[in-house]
Amino acid sequence: IAKRGRTGLISLAVLLLLVGASYVLTEGRQNNAAASTASQVEGKSMVTVPVDAGMEAVVTLDHKTGELTGYVLNRFTGQFFVQYRYNIASDFPTFKGNYLMCSGIADFTGFNGNERLANGVIYIADERTGQVTAYAIPWNSQFRNNTTAPQRRAFIPLDKARTRFM
């Protein structure tokens, strides 16, 4: 019994040591995990994109029309209150196949005031040519703190890259 009690105390001491080390290594900051989701069916893609603390946008892409549409839910009312639209057709002039779409986390700096870019970015690729274009979501940090009137905005194309060289 004494051996079992000593083993339990050692296990507890190791656990407390690990918790303390974790706290020191993270300097007491909370590590908030973030996850995005993506889904695709023939001719349509949908992703979620982080916008601000505890908020995300749901974004859809119609492959036939090139229409990129997104919405953000109001934290107070549960209603969609910010709408984003942009047609990507001119960004992919030789498009003849399928698009691929995913989202990522972005920490854009260099913005002063409430107007800035959201915490996420949307990546859209043409599967045939391999061209990838990144799109930002314009965001006003005051949106998360009040029940602002519905807003209409446009996605912002950021940059293009090639993943396939012909």
Side-chain angles (χ1 to χ4, degrees), residues 25-26 29-166:
L25 291 174
T26 61
R29 294 173 293 190
Q30 284 186 344
N31 289 332
N32 295 325
S36 299
T37 57
S39 182
Q40 185 165 326
V41 295
E42 190 169 326
K44 195 84 163 175
S45 300
M46 183 166 67
V47 298
T48 57
V49 185
V51 175
D52 205 340
M55 298 180 77
E56 66 184 8
V58 60
V59 179
T60 62
L61 173 63
D62 185 316
H63 296 212
K64 291 182 182 179
T65 65
E67 197 64 38
L68 187 64
T69 306
Y71 295 93
V72 178
L73 281 173
N74 185 304
R75 295 175 358 153
F76 300 102
T77 66
Q79 303 289 311
F80 288 115
F81 76 114
V82 183
Q83 178 189 38
Y84 297 93
R85 292 188 75 108
Y86 182 82
N87 194 296
I88 67 168
S90 62
D91 298 333
F92 296 89
T94 62
F95 176 73
K96 289 186 177 33
N98 286 313
Y99 289 113
L100 303 170
M101 184 169 71
C102 66
S103 63
I105 297 171
D107 185 11
F108 293 106
T109 59
F111 294 93
N112 294 322
N114 296 326
E115 291 290 331
R116 60 179 184 82
L117 298 180
N119 294 341
V121 65
I122 303 158
Y123 300 101
I124 298 175
D126 177 343
E127 72 162 351
R128 189 180 63 79
T129 65
Q131 176 186 315
V132 177
T133 303
Y135 296 90
I137 301 173
W139 182 251
N140 185 314
S141 59
Q142 291 300 309
F143 289 169
R144 70 185 164 134
N145 297 324
N146 60 38
T147 54
T148 186
Q151 304 285 317
R152 292 183 184 266
R153 296 180 161 222
F155 292 104
I156 301 169
L158 294 174
D159 199 11
K160 296 179 184 178
R162 288 233 180 259
T163 61
R164 179 180 298 143
F165 299 97
M166 298 179 181

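We're numbering straight along the sequence, starting at 1. Every value quoted in this text rests on a predicted model; they were computed, and no experiment measured them.
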On a heavy-atom basis, which atom in [X] and which in [Y] lie closest, and how many Å separate them?
{"X": "V72", "Y": "A57", "answer": "CG2-CB, 3.8 Å"}
{"X": "P50", "Y": "A118", "answer": "O-CB, 4.1 Å"}
{"X": "A53", "Y": "N119", "answer": "N-ND2, 4.1 Å"}
{"X": "I124", "Y": "F92", "answer": "O-CZ, 3.5 Å"}
{"X": "Y135", "Y": "D91", "answer": "OH-OD2, 2.7 Å"}
{"X": "V49", "Y": "I122", "answer": "CG2-CG1, 3.8 Å"}

When you compare the side chain of [Y] with that of [X], does any pair of heavy atoms fall below 4.5 Å?
{"X": "T94", "Y": "R128", "value": "yes"}
{"X": "Q83", "Y": "Q151", "value": "no"}
{"X": "M55", "Y": "W139", "value": "yes"}
{"X": "T60", "Y": "K44", "value": "yes"}
{"X": "L117", "Y": "I137", "value": "no"}
{"X": "T48", "Y": "V59", "value": "no"}
{"X": "Y71", "Y": "F81", "value": "no"}
{"X": "Y123", "Y": "V121", "value": "yes"}

Nearest-0.5 Å distance, CG of residue L68 to OG of residue S45: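 Rounded to the nearest 0.5 Å, the CG-OG separation comes to 10.0 Å.
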Nearest-0.5 Å distance that lies between atom CD in E127 and atom NE2 in H63: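 So the CD of E127 and the NE2 of H63 are separated by 9.5 Å.
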Greater than 12 external heavy atoms within 6.0 Å of M46's CE: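 Counting other residues, nucleotides and ligands, CE of M46 stays at 12 neighbours or fewer.
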Residues Q131, D126; criterion side-chain hydrogen bond (donor to acceptor under 3.5 Å, both in side chains); working and verdict: CA-CA 5 Å; Q131 176 186 315; D126 177 343; over 6 Å; no
Between N87 and E67: side-chain donor-acceptor atoms closer than 3.5 Å: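 Yes, a side-chain donor-acceptor pair sits under 3.5 Å.
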Verdict with supporting geometry, V132 and R162, side-chain contact (heavy atoms from CB on, under 4.5 Å): CA-CA 6 Å; V132 177; R162 288 233 180 259; over 6 Å; no
Parallel, tilted or perpendicular: rings of Y84 and F155 (30°, 60°):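 The arrangement is tilted - the two ring planes meet at 30° to 60°.
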E56 and R75 ion-paired at < 4.0 Å: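 Not counted as a salt bridge, because no side-chain N and carboxylate O are separated by less than 4.0 Å.
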Ion pair R116/D52, N-O distance below 4.0 Å: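 Yes, this pair counts.
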E115/N140 under side-chain hydrogen bond (donor to acceptor under 3.5 Å, both in side chains): CA gap, chis, key distance, verdict: CA-CA 5 Å; E115 291 290 331; N140 185 314; 2.8 Å; yes
